[in-house]
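Accompanying notes for the structure given below.
Just so it is clear: chains get the letters A, B, ... in the order the sequence lines come, proteins before strands, and each one is counted from 1. Quick caveat, the model's predicted, so the values are computed rather than measured.
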Amino acid sequence: MSSSIYLAIPLMLVLGLVETAVLPHFPIFGAEPQLAFVVALAWGLLYGIEEGVVWAFFAGIFTDFFSITPVGVSSLGFMVGVTAVIFVQQALPKSRVLLPLALAGLATVISFILNIIMLRLFGTIADFQSITILPTVILVNMLTILPVYWLFYFINRMLRPRRVQL
Amino acid sequence: MNLNDAQRRIRWTTIAILVGASILLSVLDSTGNLDILFGFMRDPLTAVASWTTRQTDTVADALSGPRDLEEARTEIELLQAQLEALERENEELREIQGEWQILQDLFNRVRQTPELRRQTANVIGYDTSPAVRSIIIDKGSEDGIRVGMSVESPRGLIGRIFRTTQNSSQVVLITDNASAIPVRLGASRATGSLKGRGASGDLIVDWIDLKYQLEVGEVVLTSGLGGDFPQDIVIGRVVQILRNEADLFQQAIVQPATDFDTLEIVLVVTDFTPIDTTIFESPTEN
C-alpha cells in the first residue's frame with residue numbers, strides 16, 4: 001500500500017465533513033455530489049486500481065460516519081464501483097474528458113445500487129424507490145469529476161514530470 | 001514468481017483485506033458493537049461539523065439574499081468604512097431576526113401543546129448517503145435524547161431519533177422511504193400508514209379504507225396509535241388522492257408541512273403520555 005494513504009485519511013475526513021455540513025446548503029439540481037467518492041474515483045483513474053480501492057475504502061468509511069448507514073457499507077459500494085470502472089477504463093481508448101465523465105456515471109450507478117442492496121441485507125432503512133434520485137446523483141457526480149480529475153492530473157504532472165528522451 | 005505476479009498478488013490481497021474489513025465493520029456496526037468506539041470518534045467530529053454548518057449558514061444566507069451588486073459597489077465607494085460597518089451590523093441583525101423568528105415559532109409550537117416535554121436542538125449536518133434521508137442534531141444521550149423519540153419543527157413532525165452519541169443524534173426524516181407512521185386524516189377521520197417517498201420529498205398515506213371519502217387539502221396528523229409518536233402532531237396536507245374501486249385500499253399523496261431543506265432548529269419530544277390502549281388488553285383471569 002503506498003504512502004498516499006496518509007493523504008487519503010485526512011482528506012476523506014475533511015470531505016466527509018464538507019458533504020454533511022457544507023454541500024447540503026448548495027444543492028445542484030436538488031442533489032449534492034458524493035465528493036469523497038468522486039475524489040477516490042478520480043484518484044483511482046489516475047493512479048490505478050490499488051490506490052483507487054484504498055481511497056474508496058476511506059471515502060466510504062467517512063461517508064458512513066456522518067450517515068445513519070452502518071459504517072463500511074458505502075466502502076464496499078465505492079470499492080466495487082471504482083474497481084469495476086478502472087477495469088473498464090483499461091479496455092477503452094484514453095480520453096481525458098469523455099472517459100472520466102462516462103466512468104463517473106457508471107461507477108455511481110454500480111456503487112449506488114450495491115449500497116441499497118447492502119443496506120437491505122443489513123436490515124437498515126433503504127428502499128429501491130431511492131433509485132429515483134439516481135439520475136440526479138449521476139449527473140452531479142459527472143459534473144464534479146472533471147475539475148477533480150483535472151486538478152489531480154495537473155498536480156501529478158507538476159510533481160512527477162514526464163521523462164523525455166532527447 | 002516474476003514481479004508482475006507479485007504485484008498482482010499484493011493488489012488482490014489489498015482488495016480482499018479492504019472488502020473483508022468493510023463487511024466486518026458493517027456487521028459490527030449494524031449489530032451495535034461499535035457504538036462506543038464510534039461514539040467517541042463522532043463527538044469531536046460533530047462538534048467540527050456544527051461549527052462548519054454555522055459558518056456555511058451565514059455564507060449561504062448572504063448569497064441567497066437579494067443584492068444589487070452595482071448599487072452596493074457605488075455605496076461602498078461613497079461611504080466606505082462607515083457603510084461596511086453598517087452592512088455588517090445589518091447582516092448580524094438579519095441573522096438575529098431570522099433566529100428570533102425561528103425561536104418564536106418554536107415557542108408558539110411548545111405553547112400549543114404544553115403537555116409534551118421537549119428539548120431544542122440545532123441541525124448540524126445532513127446525511128451523506130443519497131439513498132437515505134436523515135439529519136444530525138447537536139443533542140445526544142447526555143441531554144436525555146433516546147432512540148425512538150419523535151422530532152418536530154415548528155410546522156410539524158419531521159422524524160424520529162435513529163442513533164445517539166453523547167453529544168449528537170441522527171434523525172431519520174419522515175420522507176425517508178423506510179419511515180412508516182400511523183396517521184389520521186383531519187376531516188374524514190380516516191386512518192392509514194404514512195410512508196416517505198425518498199428523493200421526491202413527498203409522503204404517501206397507504207392502507208386507507210375505501211369507505212372514507214377523502215378530500216384534497218385535508219390535514220394529516222399523527223394518530224398516536226402504537227405509542228411511538230404523540231397524538232395530533234401535524235405532518236402535512238393531502239394534495240392528491242389515489243382511489244381505485246378495484247383495490248382494497250386507497251392512498252393519499254401528502255405534501256409535508258415542513259421544508260426539510262431549511263431546518264435549523266428542531267424540537268425533540270422527550271416525554272409524552274401515549275394514548276390509552278388498555279381497552280385492547282385482555283382481562284387477567286383470577
Side-chain angles (χ1 to χ4, degrees), chain A residues 1 13 16-27 30-32 34-36 48-50 53-54 56-57 60-80 83 112 115-116 118-119 121-134 136-137, chain B residues 7 10-12 14-15 18-19 21-31 34 38 41-42 45-46 48-57 59-61 63-64 124-136 162-163 170-172 176-179 195-201 261:
Chain A
M1 213 177 288
L13 172 60
L17 277 167
V18 169
E19 273 190 53
T20 191
V22 180
L23 294 184
H25 296 276
F26 307 102
E32 299 87 40
Q34 297 175 286
L35 202 55
I49 213 164
E50 195 181 334
V53 168
V54 172
F57 176 76
I61 294 289
F62 289 114
T63 297
D64 288 337
F65 227 78
F66 299 101
S67 172
I68 53 174
T69 55
V71 172
V73 166
S74 295
S75 287
L76 208 60
F78 289 176
M79 284 194 292
V80 173
T83 308
F112 192 94
N115 200 350
I116 292 176
M118 291 292 293
L119 288 174
L121 283 176
F122 280 105
T124 318
I125 44 176
D127 200 300
F128 283 101
Q129 278 183 4
S130 309
I131 278 180
T132 48
I133 200 175
L134 184 55
T136 321
V137 178
Chain B
Q7 274 181 337
I10 291 168
R11 175 190 299 166
W12 286 110
T14 308
I15 293 173
L18 292 177
V19 168
S22 303
I23 294 170
L24 186 66
L25 280 171
S26 305
V27 172
L28 289 175
D29 194 26
S30 60
T31 50
L34 294 176
F38 284 142
M41 293 165 75
R42 275 195 180 106
L45 288 175
T46 46
V48 177
S50 172
W51 181 85
T52 314
T53 302
R54 274 201 305 276
Q55 305 309 314
T56 315
D57 266 345
V59 175
D61 285 349
L63 288 177
S64 62
I124 57 170
Y126 288 80
D127 204 300
T128 47
S129 169
V132 290
R133 289 179 62 90
S134 79
I135 55 170
I136 305 171
F162 178 77
R163 183 158 50 195
Q170 285 174 314
V171 182
V172 186
D176 191 87
N177 293 312
S179 161
K195 282 191 73 181
R197 303 218 299 174
S200 68
D261 296 328

For the [atom1] atom of [X] and the [atom2] atom of [Y], what is their distance to the nearest 0.5 Å?
X: B:T56; Y: A:H25; atom1: OG1; atom2: NE2; value: 5.0 Å
X: A:F78; Y: B:S22; atom1: CZ; atom2: OG; value: 11.0 Å
X: B:I15; Y: A:M79; atom1: CD1; atom2: CE; value: 9.0 Å
X: B:L25; Y: A:D64; atom1: CG; atom2: CG; value: 9.5 Å
X: A:E19; Y: B:Y126; atom1: CD; atom2: OH; value: 15.0 Å
X: A:F62; Y: B:T128; atom1: CZ; atom2: OG1; value: 12.0 Å

Under 4.5 Å from a heavy atom of chain B, the part of [X] involved:
X: A:F57; value: side chain
X: A:L13; value: side chain
X: A:L17; value: side chain
X: A:I61; value: side chain
X: A:S74; value: neither
X: A:F65; value: both
X: A:V137; value: side chain

**OP:** Just give me the residue among A:A36, A:G72, A:A31 that pairs up with chain B most often, heavy atom to heavy atom, under 4.5 Å.
**Re:** A:G72
Original post:
If you count heavy-atom pairs under 4.5 Å between each of A:L23, A:V18, A:V22 and chain B, which one has the most?
Top reply: A:V22
**OP:** Report yes if some heavy atom in the side chain of B:S129 is under 4.5 Å from a heavy atom in the side chain of A:N115; otherwise report no.
**Re:** yes
Original post:
With a 4.5 Å limit on heavy-atom distance, are the side chains of A:V53 and B:T14 in contact?
Top reply: no
Is the backbone N or O of [Y] less than 3.5 Å from a side-chain atom of [X], with the two atoms forming a donor-acceptor pair by type?
X: B:D29; Y: A:V71; answer: yes
X: B:Q170; Y: A:S67; answer: yes
X: B:S26; Y: A:V73; answer: yes

Less than 4.5 Å to any heavy atom of chain A: does that hold for the side chain of [X], its backbone, both, or neither?
X: B:I136; value: side chain
X: B:W12; value: side chain
X: B:R163; value: side chain

